[in-house]
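For reference, the structure is listed below as structure tokens.
Just so it is clear, the values below take in all heavy atoms, side chains as well, and ignore hydrogens, waters and symmetry mates. No experiment lies behind these values; they were computed from the predicted model shown.
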Amino acid sequence: GIRDACVFGLEDPTWGQVVTAAVVIDPPAATAPLMSRIVDHCRTHLAPAKRPRQLVFVDSIPTTASGKASRRATATLASHPIRLRYGSEI
């Protein structure tokens with residue numbers, strides 16, 4: 001299942017920023033079935049403008065000193081070239 005998640009804006013040359021979701025899965029396993037469930041959930045529960053355009057699986061979500069998810073640090077982590085993206089169909 002999903003252990004943690006963070007949604008943030010990631011730089012995009014066309015749109016300026018695109019909604020991106022970083023997801024930590026537990027236990028780490030095959031991501032394709034889980035990705036499909038996440039996409040279906042987003043399509044069902046979110047307006048098109050609020051749906052993540054990219055889905056990134058990460059080992060952990062960086063946090064601030066107060067323990068909250070650090071969107072800036074997560075965006076930096078997600079911009080690493082080794083990542084999985086689902087594209088614009090979410």
Side-chain angles (χ1 to χ4, degrees):
I2 296 174
R3 183 171 20 126
D4 203 359
C6 180
V7 178
F8 52 92
L10 195 62
E11 295 299 318
D12 181 79
T14 304
W15 301 103
Q17 285 189 336
V18 292
V19 178
T20 303
V23 179
V24 179
I25 56 174
D26 188 40
T31 57
L34 184 58
M35 188 181 298
S36 178
R37 289 178 39 214
I38 293 169
V39 170
D40 290 343
H41 180 83
C42 289
R43 283 185 181 148
T44 303
H45 297 286
L46 297 174
K50 294 184 178 185
R51 292 181 199 150
R53 297 290 176 239
Q54 298 182 42
L55 182 59
V56 183
F57 290 98
V58 295
D59 293 328
S60 64
I61 302 291
T63 56
T64 63
S66 62
K68 295 181 179 182
S70 171
R71 288 181 173 86
R72 180 174 290 148
T74 305
T76 300
L77 179 68
S79 63
H80 189 275
I82 301 172
R83 63 183 180 272
L84 298 174
R85 292 186 180 192
Y86 193 78
S88 61
E89 295 126 44
I90 296 179

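- Residue F8 holds its CZ atom at 13.0 Å from CZ of R72, rounded to the nearest 0.5 Å.
- Hydrophobic clustering keeps L10 apart from V7 (ILVMFWY residues linked when any side-chain heavy atoms are closer than 4.5 Å, directly or through intermediates).
- Rounding to the nearest 0.5 Å places NZ of K68 at 16.0 Å from CD1 of I61.
- Rounded to the nearest 0.5 angstrom, C42 SG and R53 CZ are separated by 10.0 Å.
- Closest approach of R3 and D59 over heavy atoms only: NH2-O, 3.9 Å.
- Taking both residues in full, the closest heavy atoms of C6 and T74 are given as SG-OG1, 4.1 Å, listed atom of the first, atom of the second, then distance.
- Nearest heavy atoms, T64 versus A69: CG2-O, 4.4 Å.
- Closest non-hydrogen pair, G9 versus A75, comes out as O-CB, 4.2 Å.
- The nearest pair of heavy atoms linking Q17 to E11 is NE2-OE2, 3.4 Å.
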Next item on the list: I would like to know whether I38 and V23 meet side chain to side chain contact (heavy atoms under 4.5 Å, CB included); could you show each step before the answer?
Entry: CA-CA 10 Å; I38 293 169; V23 179; 4.3 Å; yes
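- Neither V19 nor L46 shares a network with the other; the hydrophobic side chains, linked directly or stepwise wherever heavy atoms of I, L, V, M, F, W or Y lie under 4.5 Å apart, form separate groups for each.
- The distance from the CG atom of L34 to the CG atom of L55 is 8.0 Å, given to the nearest 0.5 Å.
- In this structure the side chain of S60 never reaches within 4.5 angstrom of the side chain of L77, judged on heavy atoms.
- Put simply, CD1 on I25 and CE on M35 are 9.0 Å apart, with the number rounded to the nearest 0.5 Å.
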